[in-house]
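Encoded as structure tokens, the structure appears first; notes follow it.
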Amino acid sequence: QVQLVESGGGLVQAGGSLRLSCAASGRTFSDYIMGWFRQAPGNERDFVAAITWGHGSTVYGDSVKGRFTISRDTAKNTVYLQMNSLKPEDTAVYYCAARMGWTLSARSARYDYWGQGTQVTVSS
């Protein structure tokens with residue numbers, strides 16, 4: 001059974017940085033896509049970034065391009081989201097997600113496994 005556990009959320013001032021981690025377990029992930037999504041109160045779940053586990057190819061949502069970086073450590077079975085130049089509008093619960101396949105996707109419905117989420121709050 002695939003399990004995803006996020007960590008690293010917290011409170012940070014605008015302009016600051018945070019690094020989220022997603023520890024994945026339950027199988028090998030060489031043929032998986034790993035993604036980060038976020039959801040603010042009253043909003044839909046939005047795409048943030050995704051990465052192919054095997055090749056490390058990436059894609060980003062428009063609102064985070066140039067500020068956030070997704071990466072993975074295959075030895076540790078962990079995916080990271082480095083968030084720089086944070087803005088108050090980045091405040092949300094951030095979720096790690098996984099799906100089998102080779103095609104990067106920004107659609108949350110295509111992901112089969114989800115973590116419990118970690119809160120990120122950016123103060124102005």
Side-chain angles (χ1 to χ4, degrees):
Q1 173 124 7
V2 172
Q3 286 191 319
L4 306 173
V5 179
E6 303 99 332
S7 61
L11 174 64
V12 64
Q13 288 189 330
S17 299
L18 279 176
R19 188 178 79 157
L20 305 183
S21 300
C22 172
S25 62
R27 60 154 291 148
T28 56
F29 292 92
S30 57
D31 54 349
Y32 267 60
I33 306 295
M34 307 298 292
W36 285 98
F37 291 78
R38 66 187 183 185
Q39 188 167 19
N43 290 1
E44 295 184 349
R45 191 165 293 189
D46 291 332
F47 173 71
V48 175
I51 187 168
T52 62
W53 194 277
H55 294 94
S57 301
T58 59
V59 64
Y60 294 90
D62 289 340
S63 63
V64 306
K65 282 180 182 176
R67 300 188 298 123
F68 290 11
T69 302
I70 188 172
S71 63
R72 85 271 189 255
D73 185 328
T74 56
K76 295 182 178 180
N77 261 18
T78 300
V79 178
Y80 302 100
L81 184 69
Q82 178 66 44
M83 305 185 294
N84 298 329
S85 302
L86 283 161
K87 305 174 182 179
E89 51 262 44
D90 295 318
T91 295
V93 177
Y94 283 70
Y95 296 92
C96 178
R99 63 180 289 262
M100 185 180 291
W102 299 97
T103 303
L104 290 164
S105 175
R107 294 178 58 185
S108 60
R110 291 188 173 177
Y111 288 78
D112 302 308
Y113 303 99
W114 293 84
Q116 81 288 352
T118 186
Q119 176 71 46
V120 171
T121 303
V122 184
S123 63
S124 58

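Residue numbers count from 1 along this sequence.
Between W114 and Y95, the angle of the ring planes goes over 60°, which puts this pair in the perpendicular group of the 30/60° scheme.
There is a path of hydrophobic side-chain contacts, each under 4.5 Å, that joins V64 to Y94.
Looking at R72, its side chain does come within 3.5 Å of a backbone N or O of G54 through a donor-acceptor pair. In this structure, E6 contributes its side chain and G117 its backbone to a donor-acceptor pair below 3.5 Å. In this structure a side-chain-to-backbone donor-acceptor pair under 3.5 Å is present from T52 to S57.
Annotation: side chain of V2 is in contact with side chain of R27 (closest heavy-atom distance under 4.5 Å). A heavy-atom distance below 4.5 Å is not found between the side chains of R38 and N43. In this structure the side chain of F68 reaches within 4.5 angstrom of the side chain of D90, judged on heavy atoms. You'll find the side chain of L20 reaches within 4.5 Å of the side chain of M83, heavy atoms only. Counting heavy atoms from C-beta outward, I51 and Y80 have side chains that stay 4.5 Å or more apart. Within the 4.5 Å cutoff, the side chain of I33 has no heavy atoms near those of the S105 side chain. Looking at heavy atoms from C-beta onward, V59 lies in side-chain contact with F47 at the 4.5 angstrom threshold. Here the side chains of W102 and D31 are in contact, with some heavy-atom distance below 4.5 Å.
For Q3, the CD atom counts as loosely surrounded, since its 6.0 Å shell holds 12 or fewer non-hydrogen atoms of other residues, nucleotides or ligands.
Atom OG of S124 is separated from atom CD of E89 by 10.0 Å, given to the nearest 0.5 angstrom.
A cation-pi contact, defined as under 6.0 Å to the ring centre and within 45° of the axis, is absent between R45 and F37.
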